[in-house]
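Step one of this worksheet: look at the structure below.
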Protein chains: 2
Amino acid sequence: MTTIHEVARAAGVSISTVSYALSGKRPVAEQTRRRIEDAAAALGYTPDAGARMLAGRRTHIFALTEPLRADTHAPTHMAFVLATAVAARRHDYDILLLTEEQASQGMSRVTSSRLVDATLVLDVAPDDARVEIARSISTPTVFIGIPDDTEGLTCVDLDFEAAGRMAVDRLADAGHTAITLLGQPVVAYRTSNFARRLRRGVVDRARTRGVQLQTTSSGRVATEEATVRSAVENALARGDRAFIVHAVDDVHEVLLSVLAERGLRVGQDVSVISAATTFDTAALGVPIDVIPLDPAQSCTLAVETALRHLEHRGTPPEVHLIPPVYRAAGSVRAHAD
Amino acid sequence: MTTIHEVARAAGVSISTVSYALSGKRPVAEQTRRRIEDAAAALGYTPDAGARMLAGRRTHIFALTEPLRADTHAPTHMAFVLATAVAARRHDYDILLLTEEQASQGMSRVTSSRLVDATLVLDVAPDDARVEIARSISTPTVFIGIPDDTEGLTCVDLDFEAAGRMAVDRLADAGHTAITLLGQPVVAYRTSNFARRLRRGVVDRARTRGVQLQTTSSGRVATEEATVRSAVENALARGDRAFIVHAVDDVHEVLLSVLAERGLRVGQDVSVISAATTFDTAALGVPIDVIPLDPAQSCTLAVETALRHLEHRGTPPEVHLIPPVYRAAGSVRAHAD
DNA sequence: TTGAAAGCGGTACCAT
DNA sequence: ATGGTACCGCTTTCAA
């Protein structure tokens, strides 16, 4: 292992100069800096992580807690984990994984041993056990998702309510008077908060706009094709010609195939909006208007928020709701008078 | 933050005694030890991770590299990540996540900075880029999966070939003379090694036993219901009454529903074996004989292997293939003469 | 059975 | 612009 001392000797300078040259925290003569960089490269020098953690103020590690509940949608979850890791690396941070029981109890362990600088919380439940732990620890914690009681917490998430309202507005503007919300599995409305928030936005705005609304689930714990199919068929039988889909790709596929079977054209006979969507709707074949839920955006914001709180330790807690955007693709019919 | 000095002062002993009492690396008088433990508990002492990494020989962190390719089956992958984390924690280790480009380049970074003690490799490709990195670094690396060239590498995995042979044997023993292998998506035979190995075992043993074999895929990149359905229908048309399924749960469901439509009873009219399966087949409704691929077993073994190599740095590389086991559930018919 | 002290490899202050 | 050095908090000899 190469140490800073060997680099210093090779470059003919003191170790403090090496440290400053490499960290850039103090100006170093151009020529000296080059000598040091060359020596470091030649010797294959990499600063020792433990020594840096001990001497410095930062560990350059974030904890990422994920309970990995059975009803977690794996592909979506993976997208968030990946996005977090990528965002962290951009700021020279690594991700330490805390799963299952470790997700809560591990939070205390890794923060009090100063293994991590801050904690990012994924897969947030309404009454999440990690909320009280977050309040009890001194290092910053950022929730990617919104628990019921956000008192004293810092949270980051898409504004699902606004997304729900936005979807209703678009359909109402297009002249639709009866809308069906193809929602999440039943269990999601108990274990998650985002499902409720989107539904709340849809329900509220539907009332305001005076449109009829039918809300349905896509299954008990996961997508059930028969459930989705009959929900769609009932909607069509009622005369609904507008769908807001807040669900995984499978549900979209079932909806589109039922519509195709009936010879109903999306964007003309029927309007469809996919709300808070993480997957690539291009794979569906039919272009669909979408209000995306972008893991990269949420996770980048979460990482930057954590860093900001690390920088200024007094920063007050904040709940940051990301405004939804609408990506039109022609799946909502033009206004019918 | 409480340090070892404060604990020492509170207990009226030296810091070395505290260290030894807490680590158990040197006998400490029963009564002294109690005093120290009480003091540590009262003060809420947690050893500083950075200091431990620097002074000690161990970081107590494993790197887990996962490329997260687009064709990775998310639920299966998550099961492996979880199993690894759980196994690691049992030995007081944490998991540092390396994803995407970081999966390879990060390996060098975290090992040369001594952030981690060893590296665990998930989602191994036949010509995995991480193979050459593993050879170039000095800390132990354990592959959970088998690349094409295992020269100098330590790998752990289910013996897929043996699993394939085992499945054929069972069906041949039951008197079947024509078997269909419902395999992985096409892409898996290019990007993974386990798919090939299972197929090889099946093909070889089918030849040896003199049974006819038809191998099929379940789709291009993922499960395609139509593809599976027609594969099953063709098999039945040919007269095949024996299926080996090496695929995700969806494929099993399609198979079982086609059989049900035809009024064919599993275990009587038709035999089915699920090979190298990670999901819970109980959810399928019909009891199915299964040769499980247990993430917990593979990952536990991987962690223990890493620790062993850490303990005895000279340990020669080893490829450990886990012998498959057969769990009968009555889905293979009794011998028909 | 216990203690003293020399590191581990950096960071950052205080000098020069 | 650079160097000397006092830590950071713990592990582990070496002594007693």
Side-chain angles (χ1 to χ4, degrees), chain A residues 1-37 39-40 43-61 92 109-117 139 310, chain B residues 1-37 39-40 43-61 92 109-117 139 310:
Chain A
M1 234 214 73
T2 311
T3 74
I4 199 172
H5 290 91
E6 314 182 38
V7 176
R9 199 158 40 73
V13 295
S14 73
I15 62 161
S16 51
T17 302
V18 173
S19 178
Y20 286 122
L22 263 30
S23 72
K25 293 187 181 176
R26 187 166 89 172
V28 168
E30 175 61 22
Q31 158 189 2
T32 311
R33 215 205 56 220
R34 282 196 54 95
R35 271 216 321 284
I36 292 173
E37 282 169 357
L43 295 170
Y45 170 67
T46 316
D48 182 276
R52 241 184 14 173
M53 288 171 59
L54 180 55
R57 186 148 308 229
R58 293 282 219 289
T59 70
H60 285 274
I61 302 179
D92 200 26
R109 184 173 56 79
V110 300
T111 52
S112 63
S113 68
R114 299 211 347 236
L115 217 198
V116 306
D117 291 334
T139 53
L310 232 33
Chain B
M1 233 213 72
T2 311
T3 74
I4 198 172
H5 289 92
E6 315 182 38
V7 177
R9 200 159 41 73
V13 295
S14 73
I15 63 162
S16 52
T17 302
V18 174
S19 178
Y20 286 122
L22 263 29
S23 73
K25 292 188 182 176
R26 187 166 89 171
V28 169
E30 175 61 22
Q31 158 189 2
T32 311
R33 215 205 54 220
R34 281 195 55 94
R35 270 215 323 285
I36 292 173
E37 281 169 356
L43 295 169
Y45 169 67
T46 317
D48 182 275
R52 244 195 357 187
M53 288 171 60
L54 180 55
R57 188 148 308 230
R58 291 282 218 289
T59 70
H60 286 273
I61 301 178
D92 199 27
R109 184 173 56 79
V110 300
T111 52
S112 63
S113 68
R114 300 210 347 234
L115 217 198
V116 306
D117 291 335
T139 53
L310 233 33

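Every chain is numbered from 1 and lettered A, B, ... according to where its sequence line falls, protein lines coming before strand lines. As the structure is a computational prediction, the values presented were derived from the model and not from experiment.
As a whole-Å value, the separation of B/R33 CZ from C/dT1 P is 12 Å. In this entry the distance linking CG of A/L22 with P of C/dG10 reads 10 Å, nearest Å. Here the C1' atom of nucleotide C/dG10 and the CZ atom of A/R52 are 9 Å apart, to the nearest Å. Atom C1' of nucleotide C/dG3 and atom CZ of B/R9 are separated by 17 Å, given to the nearest angstrom. Summarising the geometry, the separation between CZ on A/R114 and C1' on C/dT11 is reported as 13 Å, rounded to the nearest angstrom. As rounded to whole Å, 9 Å separates atom C1' of C/dC8 from atom CG of A/L54. Between the C1' atom of C/dC8 and the CZ atom of B/R58 lies a distance of 16 Å, rounded to the nearest Å.
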Do A/V13 and A/V18 pass the side chain to side chain contact (heavy atoms under 4.5 Å, CB included) test, and can you show the C-alpha distance, the side-chain angles, and the key distance before you say yes or no? CA-CA 7 Å; A/V13 295; A/V18 173; 3.7 Å; yes
Side chain to side chain contact (heavy atoms under 4.5 Å, CB included) between B/L115 and A/I61: does it pass, once the steps are laid out? CA-CA 10 Å; B/L115 217 198; A/I61 302 179; 3.8 Å; yes
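Along DNA chain D, the nucleotide nearest to B/T17 and the one nearest to A/A51 differ in position, and the one closer to the 5' end is contacted by A/A51. Mapping B/A29 and A/S19 onto DNA chain C by nearest heavy atom places B/A29 closer to the 5' end of the strand.
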Listing time: all N or O pairs from protein to nucleotides 4-7 of chain C that are below 3.5 Å?
residue : atom : partner : partner atom : Å
C/dA4   : N6   : B/S16   : OG           : 3.4

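Bending across the helix from C/dT1-D/dA16 to C/dT16-D/dA1, expressed as the angle between its end axes from five pairs apiece, amounts to 40° (10° rounding).
Considering all non-hydrogen atoms of both residues, B/A10 and B/A39 come closest at CB-CB, 4.0 Å. Closest non-hydrogen pair, A/M1 versus A/D48, comes out as SD-OD2, 4.2 Å.
For the side-chain contact (heavy atoms from CB on, under 4.5 Å) test, residues two or more places apart in sequence or in another chain that qualify with B/A40 are B/V7, B/Y45.
Extent of DNA chain D lying under 4.0 Å from chain A heavy atoms, first and last nucleotide in 5' to 3' order, is D/dA1 to D/dG9.
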Enumerate, atom names and distances included, each donor-acceptor pair closer than 3.5 Å involving a side-chain atom of residues 21-30 of chain A, sequence neighbours excluded.
residue : atom : partner : partner atom : Å
A/S23   : OG   : A/S19   : O            : 3.0
A/S23   : OG   : A/K25   : N            : 3.2
A/E30   : OE1  : A/R33   : NH1          : 3.2

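Residue pairs meeting the side chain to side chain donor-acceptor pair (under 3.5 Å) criterion with at least one partner in residues 3-14 of chain B, sequence neighbours excluded, are B/S14-B/S16, B/S14-B/T17.
Note on A/T32: only backbone sugar-phosphate atoms sit closer than 4.0 angstrom, heavy atoms only; bases stay farther off.
Across C/dG10, C/dG9, C/dT2, the shortest atom-to-atom separation from the side chain of A/P47 is found for C/dG10.
Summarising the geometry, atom CG belonging to A/L54 is positioned 13.0 Å from atom CZ belonging to B/R52; distances are rounded to the nearest 0.5 Å.
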